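We count ligands from 1, going down the list as the structure has it; atoms in each ligand are counted the same way. Heavy atoms only: backbone and side chains are in, while hydrogens, waters and symmetry mates are out. Just so it is clear, the structure is predicted and the values come from calculations on it, not from any experiment.
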Amino acid sequence: MTRQEVIDQYGRCVIGNYGRVPVVIVRAEGSRMWDNDGRSYLDLFPGWGCSLLGHCHPRVVEAIREQAGRLIHVDNTFYTVEQGRLAQLLADLGFGGCSFFCNSGAEANEAAIKLARRVAGPSRFRIITMERSFHGRTYAAMSATGQSRIHQGHAPLVPGFVHVPFDDVDAVRAAITGETAAVMVEPIQGEGGVVIPDDGYLPALRELCDEHGLLLIVDEVQTGCGRTGRWFGYQHAGIEPDIMTLAKALGNGAPIGAMVARPEVASALTPGSHATTYGANPLVVAAAIATLETIARENLLERARVIGEYILGKARALAGRFGFIEAVRGRGLMIGIELSVPGAEIVKAALERGLRINCTQQTVLRMLPAMTISEAEIDEAFEILAEAIRECESRLVTT
Ligand SMILES: *Cc1c(COP(=O)(O)O)cnc(C)c1O
């Protein structure tokens with residue numbers, strides 16, 4: 001099929017809820033993708049932050065192949081060796097929590113919200129979340145999300161969510177009432193623009209939660225599994241949450257999510273209280289185990305820190321050349337370049353030149369590159385990005 005035929009078929013048969021670029025991807029490997037016209041793209045946003053080891057990492061491919069030939073799916077009526085092993089891994093890498101497995105980040109957050117409300121009881125149902133947060137698109141996760149753009153057209157929302165400014169401890173303190181069950185926060189806001197809070201923020205939230213008997217839920221869907229140079233974003237702050245949620249990079253592209261909760265909290269999810277049919281499907285669990293073991297074995301957390309710094313250096317150099325780059329932010333492989341002008345045109349121009357990046361909150365160019373990207377690939381990416389910016393510069397600055 002030609003590119004246009006595929007696009008036309010989507011027009012007839014696929015719901016148009018995504019703003020897509022006119023590119024049909026047929027293959028990907030590491031930090032490269034190929035389209036059906038044979039063009040290649042350097043991908044600094046592989047799988048929207050899911051493919052942290054790069055596309056089709058050989059160890060993950062092998063694990064999926066092996067598992068597919070043995071056992072693709074069995075429901076949670078039974079035990080599997082794989083589910084137990086993955087839960088053990090997450091407990092060991094994190095804070096000793098117990099896992100509930102699901103299929104996405106939104107579902108992991110749904111589980112966290114349901115668990116927090118069960119623990120707190122019916123009179124304490126409010127959850128404090130942050131402005132500009134992103135927690136997913138299902139009803140409760142969307143209601144938790146602090147962005148009116150995401151709520152548009154979906155009212156009435158699930159009640160009980162209170163939004164306060166991010167990185168503002170006093171605002172959280174002021175929002176706590178006798179009805180509050182939990183505080184839910186991203187260690188670094190991802191969709192919100194790669195916003196890194198003050199070092200004291202998470203510790204202060206931990207303290208507030210302890211003081212008032214609230215659960216601290218960290219949404220690690222984007223920051224987790226090694227993205228920031230540590231296994232989980234909260235580990236930079238030297239605290240432990242009561243609940244964390246994972247998805248995106250957990251399966252390196254295989255759709256799996258997890259909610260991990262302290263054992264005393266987790267026990268509130270009694271048999272029958274929550275479920276999902278595909279949860280911890282052996283196929284995706286095999287991918288998740290291979291992902292985490294590869295990161296550990298190949299010392300890729302350290303690599304994430306090193307290349308994260310390398311990319312930040314490149315981004316700062318770029319900021320020195322273009323006055324409308326206002327700030328460069330990042331931790332590990334989560335990088336944001338804040339502009340004083342809209343970034344969509346730059347993203348488009350970069351893609352036309354064979355580089356894929358993202359723009360969030362209109363003005364933040366975002367990169368969530370793979371741990372396996374090389375310095376040479378980063379150099380190439382920034383050469384393309386500089387050209388793309390130069391091409392757009394005159395229009396951006398005059399409009
Ligand atoms: C992507 C994301 C989600 C939603 O995950 P889905 O798998 O798309 O449901 C939730 N929270 C954060 C922080 C995310 O980045």
Can you find an N or O of K248 that's nearer than 3.5 Å to an N or O of ligand 1? yes
Check ligand 1 against E186 and write out every atom of the ligand that is under 4.0 Å from a heavy-atom position of the residue. 13 (C)
Would you mind running through ligand 1 and noting each atom that sits below 4.0 Å from a heavy atom of A106? 4 (C), 5 (O), 6 (P), 9 (O)
How are the rings of F324 and F322 set to each other: parallel, tilted or perpendicular (split at 30° and 60°)? tilted
Which is it for W48 and ligand 1 at heavy atoms under 4.0 Å: side chain, backbone, both or neither? neither
If you count the atoms of ligand 1 from 1 in the order shown, which ones are under 4.0 Å from a heavy atom of Q222? 15 (O)
Any nitrogen or oxygen of A247, side chain or backbone, less than 3.5 Å from one on ligand 1? no
Is there a side-chain contact between L365 and I325 (heavy atoms, below 4.5 Å)? no
With a 3.5 Å distance limit and no angle check, can you tell me whether N281 reaches the backbone of H73 through a side-chain donor-acceptor pair? no
Pairing donors with acceptors under 3.5 angstrom, does anything connect the side chains of H236 and T228? yes
For atom 5 (O) of ligand 1, find the nearest protein heavy atom and state the residue, atom name and distance (0.1 Å precision). G105 CA, 3.3 Å
For the 3.5 Å polar cut-off, considering only N or O atoms, please tell me whether D219 and ligand 1 meet it. yes
Quick check: closest heavy atoms across G279 and N103, and the distance to 0.1 Å? N-OD1, 4.1 Å
Among protein heavy atoms, which lies nearest atom 12 (C) of ligand 1, and at what distance? F134 O, 3.3 Å
Could you name the option among L368, N103, L250, V221 that has the heavy atom nearest to atom 3 (C) of ligand 1? V221
For atom 8 (O) of ligand 1, state whether the nearest protein heavy atom is under 4.0 Å away. no
Counting each atom of ligand 1 from 1 as listed, which ones have a heavy atom of N109 under 4.0 Å away? 10 (C), 11 (N)
Has R124 got a side-chain atom pairing as donor or acceptor with T180's backbone, closer than 3.5 angstrom? yes
Taking atom CD of E391 as the centre, does the number of heavy atoms from other residues, nucleotides or ligands within less than 6.0 Å exceed 12? yes
Taking distance alone, with N or O pairs closer than 3.5 Å, would you say G136 contacts ligand 1? no
Within a distance under 4.0 Å of any heavy atom of S104, pick out the atoms of ligand 1 and give their elements. 7 (O), 9 (O)
Step by step, work out the salt bridge (Lys or Arg N to Asp or Glu O under 4.0 Å) result for R59 and E293. CA-CA 9 Å; R59 281 186 190 280; E293 286 185 348; over 6 Å; no
Give the atom numbers and elements of ligand 1 that come within less than 4.0 Å of a heavy atom of H135. 10 (C), 11 (N)
For A286 versus A63, what's the shortest heavy-atom pair and its separation? O-CB, 3.7 Å
Do L93 and I256 sit in one hydrophobic cluster, given that two such residues count as connected whenever their side-chain heavy atoms are within less than 4.5 Å of each other, even indirectly? yes
